[in-house]
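Values below: all heavy atoms of this structure, side chains included; hydrogens, waters and symmetry mates excluded.
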Amino acid sequence: MAILERRELGNTGLKLSCLGFGASPLGNVFGHVSHADALAAVRLALQHGINFFDTSPYYGGTVSETVLGNCLRELNVPREDIVVSTKCGRYIDGFDFSAERVTRSIDESLARLKLDYVDILHCHDIEFGSLDQIVNETIPALQKIKAAGKARFIGITGLPLGIFTYVLDRVPPGSVDVILSYCHYSINDSALLDLLPYLKSKGVGVISASPLAMGLLTDNGPPEWHPASSELKSACRAAVAHCRKKGKNISKIALQYSLMNKEISTVLVGMNSPKQVEENVAAALELSSLGIDEDLLHEVEAILEPVKTQTWPSGIQQG
């Protein structure tokens with residue numbers, strides 16, 4: 001069985017599979033997932049060499065963490081073979097970035113995950129809190145968690161790219177090991193590209209999520225609540241139709257586009273079934289062996305070019 005490429009994550013020494021397993025769907029956030037499906041998806045991911053699993057207490061109101069923990073325990077995965085990240089600060093009942101809450105949060109997460117430590121502990125969607133609190137209270141609290149051996153590395157996540165520079169410019173060097181950005185490295189929006197040299201200069205590893213732009217670049221289209229403008233949605237529908245007319249799947253080329261940049265350590269994709277794992281792995285392996293369909297990519301880029309700079313306000317549905 002072909003195994004996925006591994007990439008180094010900043011200065012952490014961690015090597016992540018280029019495709020990461022986003023476990024938010026295991027929290028039933030996009031519909032019910034049976035334990036059998038969840039277990040089969042995680043098992044198949046491991047067999048293909050996916051070693052990075054990302055979750056959060058927010059996903060499904062702790063369900064995702066619990067399900068992922070149960071799957072990893074049931075499969076008896078050696079701890080050193082996997083990289084597990086979870087988050088703190090965002091919960092089903094709202095945001096709380098206080099030192100007291102995040103300190104309690106990691107213990108709750110470790111119990112659900114059935115782990116002694118996580119590899120990465122992210123501060124979740126920090127734009128919804130006070131960035132100065134993140135700098136002065138939350139990050140120092142996470143450093144204590146790291147010193148206690150409950151998390152090996154510290155990260156921050158969110159939608160607006162400006163939050164990353166704001167925090168990284170104000171914390172001591174090495175306080176933040178990794179950032180997780182979503183919806184800013186896909187065919188319709190590659191704004192993350194401009195930030196990569198800065199992040200590299202800080203020694204910060206980069207994780208990119210949602211290469212399908214939260215459903216815009218899929219045959220099914222985005223969910224009702226998607227915050228994109230009607231103009232952007234319309235352009236994406238045209239790109240989807242163009243691919244379909246050529247007998248191609250836009251999701252595959254969108255994922256491959258995001259995987260092409262080796263400065264990004266891993267691309268996180270939500271997965272909830274063996275079929276999804278198989279499709280995503282096949283797209284990644286095809287990219288590494290045959291490359292991307294350049295003609296189709298240029299055609300899709302041309303359709304999306306007029307809306308390339310369009311982003312959307314930070315919503316609270318996803319992240």
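Transitive grouping of hydrophobic side chains (ILVMFWY, heavy atoms separated by less than 4.5 Å) brings Leu159 and Trp225 into a common cluster. Following chains of ILVMFWY side-chain contacts shorter than 4.5 Å, one can reach Ile250 starting from Leu259, so the two form part of one hydrophobic cluster. Linking ILVMFWY side-chain heavy atoms closer than 4.5 Å, directly or via other members, places Leu113 and Leu121 in a single hydrophobic cluster. Under the 4.5 Å side-chain contact rule for hydrophobic residues, Ile3 and Val277 do not share a cluster. Residues Ile50 and Ile82 share a hydrophobic cluster, clusters being chains of Ile/Leu/Val/Met/Phe/Trp/Tyr side chains in contact below 4.5 Å.
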| Can you list the steps and then say if Leu196 with Asn261 is a side chain to side chain contact (heavy atoms under 4.5 Å, CB included)? | CA-CA 10 Å; Leu196 294 180; Asn261 193 323; 3.7 Å; yes

| Checking side chain to side chain contact (heavy atoms under 4.5 Å, CB included) for the pair Asp125/Phe95: CA distance, chi angles, key distance, verdict? | CA-CA 9 Å; Asp125 288 346; Phe95 295 89; 4.2 Å; yes

| said: Set out, in order, the CA-CA distance, both residues' side-chain angles and the distance that settles side chain to side chain contact (heavy atoms under 4.5 Å, CB included) for Tyr59 and Asp54, then state yes or no. | reply: CA-CA 10 Å; Tyr59 300 147; Asp54 175 81; 4.3 Å; yes

| said: I'd like to know whether Glu108 forms a side chain to side chain contact (heavy atoms under 4.5 Å, CB included) with Ile106, so could you lay out the CA-CA distance, the side-chain angles of the two residues, the decisive distance to 0.1 Å, and finally the verdict. | reply: CA-CA 5 Å; Glu108 295 166 353; Ile106 184 61; over 6 Å; no

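A donor-acceptor pair is defined here as one N or O able to donate and one able to accept, closer than 3.5 Å; such a pair exists between the side chain of Ser130 and the backbone of Gln133. Between the side chain of Lys233 and the backbone N or O of His226, at least one donor-acceptor pair lies under 3.5 Å. A donor-acceptor pair under 3.5 Å is absent between the side-chain atoms of Thr86 and the main chain of Ile120, judged by distance alone. Using a distance-only test at 3.5 Å, with no hydrogens or angles considered, no donor-acceptor pair links the side chain of Ser64 to the main chain of Gly60. Counting only distance, with no hydrogens or angles, the side chain of Glu137 and the backbone of Ser98 share no donor-acceptor pair below 3.5 Å. In this structure, the side chain of Gln276 engages the main chain of Asn272 through a donor-acceptor pair within 3.5 Å. The backbone N or O of Gly20 sits less than 3.5 Å from a side-chain atom of Thr266, completing a donor-acceptor pair.
Counting only residues at least two apart or in different chains, side chain to side chain donor-acceptor pair (under 3.5 Å) contacts with residues 110-120 comprise Glu65-Arg112, Asn70-Lys114, Arg79-Asp119, Asp119-Arg152. For the ring pair (Phe, Tyr, Trp, His ring centres under 6.0 Å) condition, the pairs that include at least one residue of residues 250-291, sequence neighbours left out, are Tyr185-Tyr257. For residues 172-195, every residue pair satisfying the salt bridge (Lys or Arg N to Asp or Glu O under 4.0 Å) rule, not counting sequence neighbours, is listed here: Lys146-Asp177.
Contact between Thr55 and Ala23 at its shortest, heavy atoms only, is CB-CB, 4.2 Å. In terms of heavy-atom proximity, Phe97 sits nearest to Cys88 at CE2-O, 4.2 Å. Closest of all the heavy-atom pairs between Gly155 and Val176 is CA-CG1, 4.3 Å. Residues Leu26 and Ala38 share a closest heavy-atom pair of CD2-CB, 3.8 Å. Leu268 approaches Leu180 most closely through the heavy-atom pair CD1-CD1, 3.8 Å. A pairwise comparison of heavy atoms in Ile145 and Val102 identifies CD1-O, 3.7 Å as the closest pair.
To the nearest 0.5 Å, atom NZ of residue Lys248 and atom CG of residue Asp295 are 9.5 Å apart. Summarising the geometry, atom CG belonging to Leu142 is positioned 7.5 Å from atom OG1 belonging to Thr103; distances are rounded to the nearest 0.5 Å. For the atom pair CD (Glu5) and CG (Leu285), the distance works out to 10.5 Å, reported to the nearest 0.5 Å. Between atom NZ of residue Lys87 and atom OG of residue Ser109 there is a gap of 10.0 Å, rounded to the nearest 0.5 Å. Interatomic distance, Ser208 OG to His184 NE2, rounded to the nearest 0.5 Å: 9.5 Å. Annotation: the span from Asn136 atom CG to Leu131 atom CG amounts to 10.5 Å, rounded to 0.5 Å.
Partner Met271 forms a side-chain contact (heavy atoms from CB on, under 4.5 Å) with one of Leu19, Val281, Leu44 and no other, that one being Leu19.
Within 6.0 Å of atom CD in Gln310, more than 12 heavy atoms from other residues, nucleotides or ligands are found, so the atom counts as buried in its surroundings. Within 6.0 Å of the NZ atom in Lys252, the count of heavy atoms belonging to other residues, nucleotides or ligands does not exceed 12. Under a cut-off of 6.0 angstrom, the local environment of NZ in Lys144 is sparse, with at most 12 non-hydrogen atoms contributed by other residues, nucleotides or ligands.
His35 has its side chain within reach of Cys71: a pair of non-hydrogen atoms, C-beta onward, lies under 4.5 Å apart. Within the 4.5 Å cutoff, no side-chain heavy atoms of Met214 are placed close to those of Pro222. At least one side-chain heavy atom of Ile264 sits under 4.5 Å from a side-chain heavy atom of Leu192. A heavy-atom distance below 4.5 Å is found between the side chains of Glu294 and Ile292. Between Val42 and Val67 the shortest side-chain heavy-atom distance does not fall below 4.5 Å. You'll find the side chain of Tyr91 reaches within 4.5 Å of the side chain of Ser105, heavy atoms only. Counting only heavy atoms from C-beta outward, the side chains of Trp312 and Cys183 approach each other to under 4.5 Å.
For the 3.5 Å distance criterion, the side chains of Asn51 and Ser17 qualify, holding a donor opposite an acceptor. Using modelled atom types, one finds no donor on one side chain facing an acceptor on the other under 3.5 Å when comparing Thr157 with Tyr182. At a cut-off of 3.5 Å, with distance as the only test, a side-chain donor of Ser186 or Asn188 sits close to an acceptor on the other residue.
In this structure, His124 and Tyr58 have perpendicular ring planes: the angle between them is above 60°, well past the 30° mark.
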List the atom pairs, donor and acceptor, that lie under 3.5 Å between side-chain atoms in residues 161-172 and the rest of the protein, sequence neighbours left out.
residue: Thr165; atom: OG1; partner: Gly162; partner atom: O; Å: 3.0
residue: Tyr166; atom: OH; partner: Asp132; partner atom: OD1; Å: 2.7
residue: Asp169; atom: OD1; partner: Tyr198; partner atom: OH; Å: 2.7
residue: Arg170; atom: NH1; partner: Tyr166; partner atom: O; Å: 2.9

Listing, residues 238-246 side-chain donor-acceptor contacts under 3.5 Å, not counting sequence neighbours, or none:
residue: His242; atom: NE2; partner: Glu299; partner atom: OE1; Å: 2.8
residue: Arg244; atom: NH2; partner: Asp219; partner atom: O; Å: 3.4
residue: Lys246; atom: NZ; partner: Glu299; partner atom: OE1; Å: 3.1
residue: Lys246; atom: NZ; partner: Glu299; partner atom: OE2; Å: 3.2

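Partners of Pro211 under the side-chain contact (heavy atoms from CB on, under 4.5 Å) rule, at least two apart in sequence or in another chain, are Leu255, Ser258, Val267, Val269.
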